[in-house]
Every structure is written in structure tokens, then in C-alpha cells.
Undergrad: 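Would you mind keeping the following structure in view while I ask a few things?
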2 protein chains.
Amino acid sequence: MSGKIATAKEQFRQFITEKGLKSTSQREDIADIFFKTTTHVSLEELLKKVRRKNSRVGYATVYRTMRLLAECDLAFERQFGDGQTRYEHLIDDSHHDHLICIKCGAIAEFSNQTIEALQKRIAEEMGFSVTNHKMELYGHCAKCQ
Amino acid sequence: MSGKIATAKEQFRQFITEKGLKSTSQREDIADIFFKTTTHVSLEELLKKVRRKNSRVGYATVYRTMRLLAECDLAFERQFGDGQTRYEHLIDDSHHDHLICIKCGAIAEFSNQTIEALQKRIAEEMGFSVTNHKMELYGHCAKCQ
DNA sequence: CTTACTGCAAAATCTTTGCAACATC
DNA sequence: GATGTTGCAAAGATTTTGCAGTAAG
């Protein structure tokens with residue numbers, strides 16, 4: 001409720017500045033819309049959304065902006081097996097993992113602290129320091145059983 | 001030590017027969033070499049290995065054979081973020097997950113029964129029956145820290 | 001002004017598929 | 001023999017990149 005925490009937008013601007021890059025309206029728009037998205041968007045989908053606000057944005061710019069966002073951990077790549085790379089963020093939301101129905105494609109999210117803790121410990125035992133992870137459970141959802 | 005358990009090769013042959021498909025030397029060679037592989041091979045790599053034994057095998061056949069193997073759960077697709085689909089099997093080996101170094105690309109394997117049990121329980125609570133899962137931890141390995 | 005960014009279109013990657021020749025059953 | 005399989009080459013689908021024009025610092 002209090003405590004100044006930088007918004008994702010601010011973090012992105014800071015990253016841009018620190019790297020000596022330039023802030024542009026395209027980057028602002030893309031980041032803005034991406035942060036407002038709550039699903040796992042593909043570049044194609046994101047481009048479509050961005051174009052509703054600014055019709056003269058190219059696919060390549062979305063591609064390159066998402067690469068920047070991924071570089072500063074404001075976006076995470078996900079691949080669920082259809083040949084599309086998807087992106088998601090963790091704004092206003094803690095880390096979560098996915099349950100994917102292999103029949104209807106439904107995606108549910110979950111998170112579990114015990115698993116997270118175990119992952120960290122296992123990694124440490126093997127000499128790794130973990131910065132990120134993916135966990136996806138594939139199976140049939142309630143409707144498709 | 002005792003107990004007749006069908007080998008992966010036999011399971012594949014059975015799957016082929018049951019589906020009314022035909023057994024060919026290419027399929028035998030590809031499955032053979034794949035089962036002997038202990039890493040996460042891409043189609044490209046697998047094709048190269050297969051061609052050392054039989055130089056007249058095409059990429060498409062490897063592709064189609066791996067699809068068959070995946071269909072009968074003798075091969076599992078993995079995508080680690082470089083744009084390559086990789087395959088692995090669980091022969092002579094229980095299920096395992098991956099630790100991936102984001103600097104040098106090293107891949108380590110691990111498995112943990114507690115996590116597996118928790119995954120199952122979580123999924124059930126959400127109405128899913130899990131048949132498969134992926135868990136990948138990304139970070140820096142001992143050498144790259 | 002200098003350096004970075006953009007959009008477009010072309011290139012590069014991978015993955016899939018059509019088809020005539022060929023191998024199983 | 002009938003039907004499935006193969007290899008090749010072409011088609012698809014995405015992801016990357018080169019470049020001339022444009023914009024931010």
C-alpha cells in the first residue's frame with residue numbers, strides 16, 4: 001500500500017537508459033500493452049494489439065522490444081509445443097507455473113512454494129544458482145477426461 | 001534382474017503393428033540409435049548419427065519416425081529455448097528434469113520424488129490428470145558463476 | 001549532429017507436406 | 001498386388017537481419 005516500488009514501465013525505462021539506448025514511442029506502446037496483457041501472448045497476437053493503438057508498428061520492432069524486455073527479466077519466454085514462442089510477465093502477480101490440457105489446449109496456472117524451495121535447494125546442491133524456471137504439467141483437464 | 005520387460009525396441013515394434021503400420025529398416029535404425037543416445041538430440045544431430053550407419057536416410061524420415069516415437073511415449077519433445085526441438089527417452093533411466101546454464105549451455109539432470117508427488121497432487125486438486133511434465137531450472141552452473 | 005531505432009522486405013531457420021519410386025505385408 | 005514408407009524438393013511457418021530513412025539524446 002505504501003513503499004515506492006518501481007513499476008514495470010519505470011524499470012524498463014531505467015534499463016533502456018542504463019544501456020545507453022533510446023526511449024521511443026513504439027517501445028513505450030509495446031511494453032505498455034504487454035504489461036497489461038494477462039495471457040501468454042505470441043508476437044503475432046501482441047503485434048495485433050499494439051496496432052490497434054498505433055497502426056504503423058512493425059513485427060520486427062515488437063520482436064526486438066520483447067527481446068529487450070526478456071533481457072531485463074520483465075518478460076519471460078514460454079514454449080508450449082505449438083511452434084509459437086509466447087511471452088508472459090509477472091507484474092502484479094507472483095511467479096506461477098502451468099497446467100496444460102493436451103486435448104483442448106486449456107492452460108491453468110498454479111504456484112507452490114514448497115516446490116520452489118525444493119528446486120532451489122536441488123540446484124544449489126548441484127552447484128547451480130537458479131534465476132528462472134519453467135514447470136509445465138501436461139495432461140487432461142476436468143472437462144476432457 | 002529377472003521379469004520379462006519389453007525393450008523399447010519391442011514396444012516400438014508392437015506399436016507399429018497395432019497401428020497397422022509397417023516396420024522398415026529406416027525406422028529400426030533411427031529408433032535404435034535414438035535409444036542408444038543419452039543426450040537431448042535434435043533432429044539434425046540424430047540424422048547425422050543415423051547417416052553414419054545408413055547414409056541414405058532423409059531428414060523427413062527421421063522427423064516422421066520421431067513423431068511416431070513421441071506418439072507412443074517412447075520419445076519426449078523438449079524445447080530449451082534455442083530454436084531447436086530436442087528429443088529424449090527414459091530408457092534405463094527414470095524420469096528426470098533439467099538444469100540449464102544460461103551462460104555456457106551446460107545441461108545437468110536431476111530428479112526428485114517429492115516434487116513429482118507434489119505436482120501430481122496439485123494437478124489433481126485442479127481437476128487435471130497429469131501424463132507428462134517438463135521442469136527446467138535456468139541459471140548459472142558452478143563454472144559460470 | 002551523432003547514434004540508435006523503425007519498418008519493410010529479404011534471408012535464414014526449422015518444421016511439414018506432396019509425390020513418384022520403392023519396400024512391406 | 002495393395003497400401004504404407006522413403007527421400008527429395010518444395011512449401012510453410014517463424015524468427016532474424018540488412019538497410020535506408022527517421023527520430024531521440
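Reminder, nothing fancy here: chain letters follow the sequence lines and each chain counts from 1. What you see below is based on every heavy atom in this structure, not just the backbone, and it leaves out hydrogens, waters and symmetry mates.
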Undergrad: With side chains defined as the heavy atoms from C-beta onward, is the minimum distance between A:Q119 and A:V130 less than 4.5 Å?
TA: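 Counting from C-beta outward, A:Q119 and A:V130 never come under 4.5 Å.
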Undergrad: Could you walk me through whether B:E136 and B:R78 pass salt bridge (Lys or Arg N to Asp or Glu O under 4.0 Å), step by step?
TA: CA-CA 10 Å; B:E136 293 145 27; B:R78 293 284 111 111; 5.0 Å; no
Undergrad: B:K134 and B:E77: salt bridge (Lys or Arg N to Asp or Glu O under 4.0 Å), yes or no, with the steps?
TA: CA-CA 10 Å; B:K134 298 181 189 175; B:E77 283 193 2; 5.8 Å; no
Undergrad: Decide whether A:E88 and A:H40 meet the rule of one side-chain donor and one side-chain acceptor closer than 3.5 Å.
TA: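 The criterion, which ignores hydrogens and geometry beyond distance, is satisfied for A:H40 and A:E88.
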Undergrad: Tell me the bend of the helix from C:dC1-D:dG25 to C:dC25-D:dG1 as the angle between end helix axes, each from five pairs, rounded to the nearest 10 degrees.
TA: 40°
Undergrad: Does OP1 or OP2 of D:dT15 have a side-chain N or O of A:Y63 closer than 4.0 Å?
TA: no
Undergrad: Heavy atoms of chain B, cut-off under 4.0 Å: which first and last nucleotide of DNA chain C, 5' to 3', fall inside that, if you could look?
TA: C:dC14 to C:dC25
Undergrad: Kindly indicate whether the side chain of B:V57, heavy atoms from C-beta on, has any atom under 4.5 Å from the side chain of B:D29.
TA: no
Undergrad: Would you say that A:E45 contacts A:T37 through its side chain, given a criterion of any heavy-atom pair below 4.5 Å between the two side chains?
TA: no
Undergrad: Check nucleotides 5-14 of chain D for protein N or O atoms closer than 3.5 Å to its own N or O atoms and list the pairs.
TA:
{"residue": "D:dT5", "atom": "OP1", "partner": "B:K22", "partner atom": "N", "Å": "3.3"}
{"residue": "D:dT5", "atom": "OP1", "partner": "B:R27", "partner atom": "NH1", "Å": "2.4"}
{"residue": "D:dT5", "atom": "OP1", "partner": "B:R27", "partner atom": "NH2", "Å": "2.8"}
{"residue": "D:dT6", "atom": "OP1", "partner": "B:T24", "partner atom": "OG1", "Å": "2.7"}
{"residue": "D:dT6", "atom": "O3'", "partner": "B:Q26", "partner atom": "NE2", "Å": "2.9"}
{"residue": "D:dG7", "atom": "OP1", "partner": "B:Q26", "partner atom": "NE2", "Å": "3.3"}
{"residue": "D:dG7", "atom": "OP1", "partner": "B:R56", "partner atom": "O", "Å": "2.5"}
{"residue": "D:dG7", "atom": "OP2", "partner": "B:G58", "partner atom": "N", "Å": "3.1"}
{"residue": "D:dG7", "atom": "OP2", "partner": "B:T61", "partner atom": "OG1", "Å": "2.1"}
{"residue": "D:dG7", "atom": "O5'", "partner": "B:G58", "partner atom": "N", "Å": "3.4"}
{"residue": "D:dG7", "atom": "N7", "partner": "B:R64", "partner atom": "NH2", "Å": "3.1"}
{"residue": "D:dG7", "atom": "O6", "partner": "B:R64", "partner atom": "NH2", "Å": "3.0"}
{"residue": "D:dT14", "atom": "OP1", "partner": "A:Q84", "partner atom": "OE1", "Å": "3.0"}
{"residue": "D:dT14", "atom": "O5'", "partner": "A:Q84", "partner atom": "OE1", "Å": "3.1"}

Undergrad: Take the protein atom CG of A:D29 and the nucleotide atom P of D:dA23, then report the distance between them rounded to whole Å.
TA: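 One finds 15 Å between P of D:dA23 and CG of A:D29, rounded.
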Undergrad: For a 4.5 angstrom cut-off between non-hydrogen side-chain atoms, does B:L43 reach B:Y87?
TA: yes
Undergrad: Is B:F12 close to B:T65 at the side-chain level, that is, under 4.5 Å between some pair of heavy atoms?
TA: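 Result yes, sub-4.5 Å side-chain heavy-atom pair found.
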Undergrad: What residue among A:F110, A:F80, A:F76 forms ring-ring contact (aromatic ring centres under 6.0 Å, His included) with A:H98?
TA: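 Per the ring-ring contact (aromatic ring centres under 6.0 Å, His included) rule, the option paired with A:H98 is A:F80, out of A:F110, A:F80, A:F76.
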Undergrad: Just so I know, are the side chains of B:K120 and B:E116 near enough to count as touching, which here means a heavy-atom distance under 4.5 Å?
TA: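 Side-chain contact under 4.5 Å: no.
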